[in-house]
Amino acid sequence: MNSSAIYLFVQRFRLSIAIAAAALLTGLVFGRYIVPARPNIAAASPANTSQNATDSSGPSRSTSAAAAKSNERSTTDNEEESGPSSAEQKMAALKAAFKRGGRGRHMRGEISKLTDGLDQKSVSELVAFAESLPQSPDRTILLASLVSRWAEFDPMAAINYAQKLPAGMARNAAITNAVKGWSTRDANAAAAWVQQLPPGQMRDQSMHTVIAAVAEEDPARALAIAQTLPAGRGRQNLYWPIFNTWAANDPAGAAAAIAQLPNDGAREAACQAVGSTWANQDPEAAFAWASSLPTGRARNNTMQNILSNWATKDAPKAASILAELPAGSMRDQATANIARQWGQSDPAAALAWAQQLDNGNGKAQAMRSIFNSWLQTEPTAAAEYVNNLPPGKVQQDAIASLATHLASSDVQAAASWAQKLPDGTVRQAALNNIVTQWGNSDPRAAAEFALKQSEDDNRRDLLQTVARQWAQSDSKAALSWAEGLPDPANRDAVLPGILATMAENDVHEAARLITKISSPQAQATAAGNIAWQWAANDPREASHWATTLPSGPGQQRAVESVVNRWADSDSGATAHWLDSLGQGSARDAGISAFTRRIANSDPQSAAQWAISIGNEGMRNTQVESVVKTWLKVNPTTAASWVNNAPLPDDLKTRLLAH
């Protein structure tokens, strides 16, 4: 491998990163003093604001405009620095802040500080003030904060007001915050109101808000409220905020509460929440607790979370614990998680550790994770490491990762580097990754690069990669490019992928264009792809189209695709359609696909269908496959069917021998 090429490229890469970092820093400095433009968000106030000022759905607004102006004038810079204390001072400070203009995150913090502790009269006036503001994210946040405070005084009035806002982000934020304010006053009533909302994101989000608010004060009470809700995923999702908050203050108490939960998804969510939070405080205690959990997915996932968190604090210690885990996928995943964390802090030590691991998936994943982390922090050192690796799977994975990383900065230089690698799978993997990156930013240039490759197989693979990506972003441009390719072999290599992508949005147009493919093999691939997409939305129409294709490989692939899609949703309709087909290769292909789909659920019907296949070799193969499965689950019935079926004697003998 050419180490100087790697070194020069990486130096160039590091320079571009340094320039980008300087530009970012400059932007941050200037951005601190430049007022950002306000995006146009859906209106947050109800129609006819002047009527709302006296409407019974809003709070009483008796403070005069003159008093408000007087308060605004009385706000001094010293008050802003020390923090206004009275409600009138807070109102004046808020108005002054909005008059000065938005200041991003600082404005949001100011809104939160100034709306906290407002009395009902002040909330009333500030709601009217908020409605008078132009649309902006800060206006939405102000209204939501005010509605939250309002709900602490009069929850139903606040809820009614929020629900009358126009649909959109502002309305959703106001409702959620009203529920939050209500929860501080009467969490049970708030939860009961949320439950009567129609199922959907608003109900889930509002219930999450109730539970999270209660958990901050009393997680045991939040758990009691959650357990009164109907079982299901909605309730299960509430256990994370409860036990996350609980474990932050009392991990042992939270762990003890888990033991009272049913052994299902709820317990798993609670275990992971406690494990993650506890590991941040005392990973050894958290791991000891997780090790005592019953064997199963909840225990495995919890231990994974703990070890991953532990590795951020003490990766060598976390790695030493791996020996206590049984060999298998769980230990492999834990190894990869620790390697990723360790690789960010000390890649050299992490690699030395990973190289001592037993060969297998765990070692390969660990090496890959460490190298990817190392690339982010020290690309030059990582590239030099790749150069010194012996040939093999580890080197191949590292080069592929390096190619992707380098291409993210300068794709053309990365391509030049990859072309200097020795011919073989390593070079091709690197080029594939680079062309994938290139196709996202400049598919035409990536396609031109692929066309210049000398090896037929490599060129075809790269062209197919570019064509699929290009079609995702601009199918018309990709199609025009493909049609203009002078070599029919290249054209036939890319058109099936382009047409398959087009079929996701316009299946009729994709079907019409299939005749532009000259190779029967490529046409068959395209026909199968199009039929697969078509049958997902309209299997009857797709089945009709498949029967109109010329007899041959294309029709066979289309029929197979229709059957594979349709049988999953309506096996009866699929069987009826297959029965209507005339004898021939397409029908045989469709029946073969159908028997594979139903063999596990209805082996006897699958066997009956299999013996109706016209082609003898295909018929015997399918019968044997179905009967072997059938004999495992119901040997008596299967053997009886074989004895009475019109099968060759040698096939019967072979089947019954099983």
Side-chain angles (χ1 to χ4, degrees), residues 44-46 48-65 67-68 71 83-95 97-98 108-133 138-165 170-197 202-203 205-218 221-222 225:
S45 61
N48 199 345
T49 303
S50 61
Q51 291 182 8
N52 285 337
T54 57
D55 186 84
S56 60
S57 65
S60 171
R61 298 167 182 162
S62 57
T63 305
S64 67
N71 285 334
S85 56
S86 71
E88 288 186 354
Q89 288 174 333
K90 286 185 175 185
M91 285 195 300
L94 268 171
K95 293 178 181 180
F98 274 89
R108 289 158 175 74
E110 204 165 359
I111 290 171
S112 177
K113 179 179 66 177
L114 294 174
T115 54
D116 184 38
L118 286 173
D119 57 31
Q120 189 168 3
K121 178 182 176 182
S122 302
V123 170
S124 171
E125 181 174 337
L126 282 171
V127 166
F129 166 70
E131 290 174 349
S132 71
L133 295 171
D138 290 339
R139 176 186 186 273
T140 298
I141 292 170
L142 176 59
L143 258 179
S145 298
L146 292 170
V147 170
S148 178
R149 180 62 177 159
W150 184 0
E152 296 178 35
F153 304 120
D154 189 346
M156 286 313 303
I159 288 286
N160 289 337
Y161 172 83
Q163 288 185 307
K164 291 178 181 178
L165 292 170
R171 179 177 184 272
N172 294 344
I175 292 174
T176 302
N177 277 270
V179 169
K180 180 180 179 181
W182 193 355
S183 299
T184 63
R185 172 174 172 160
D186 188 343
N188 289 325
W193 180 84
V194 170
Q195 274 300 102
Q196 55 82 40
L197 290 174
M202 177 51 64
R203 185 170 76 177
Q205 184 177 346
S206 297
M207 186 56 71
H208 190 281
T209 299
V210 173
I211 294 299
V214 177
E216 287 292 334
E217 301 296 328
D218 187 347
R221 181 168 170 242
I225 294 174

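Along the sequence shown, the residues carry numbers beginning at 1.
The shortest distance between side-chain heavy atoms of K180 and T184 does not fall below 4.5 Å.
In terms of heavy atoms, S206 sits closest to V179 at O-CG1, 3.6 Å. Between A170 and T140, the closest heavy-atom pair is CA-CG2, 3.7 Å. Between S145 and I111, the shortest heavy-atom distance links the atoms OG-CG2, 3.8 Å. Shown here for L146 and L118, the closest heavy-atom pair between the two residues is CD2-CD1, 4.0 Å. Nearest heavy atom pair, residue A178 against residue A151, reads O-CB, 3.2 Å. In terms of heavy atoms, W193 sits closest to Q163 at CZ2-NE2, 3.5 Å.
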Practice task
Walk me through it: do T176 and M202 pass the test side chain to side chain contact (heavy atoms under 4.5 Å, CB included)?
Solution key: CA-CA 8 Å; T176 302; M202 177 51 64; 4.2 Å; yes

Handout entry: Pair Y161-L143, side chain to side chain contact (heavy atoms under 4.5 Å, CB included): steps then yes or no
Key = CA-CA 11 Å; Y161 172 83; L143 258 179; 3.6 Å; yes

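Considering only residues two or more places apart in sequence or on other chains, A189 meets the side-chain contact (heavy atoms from CB on, under 4.5 Å) condition with W182, D186.
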List the atom pairs, donor and acceptor, that lie under 3.5 Å between side-chain atoms in residues 209-217 and the rest of the protein, sequence neighbours left out.
from, atom 1, to, atom 2, distance (Å)
T209, OG1, Q205, O, 2.9

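Atoms CD1 and OG, from I175 and S148 in turn, are 13.5 Å apart once rounded to the nearest 0.5 Å.
Identified under the salt bridge (charged side-chain N to carboxylate O under 4.0 Å, His left out) test for residues 142-158, with sequence neighbours left out: R149-E152.
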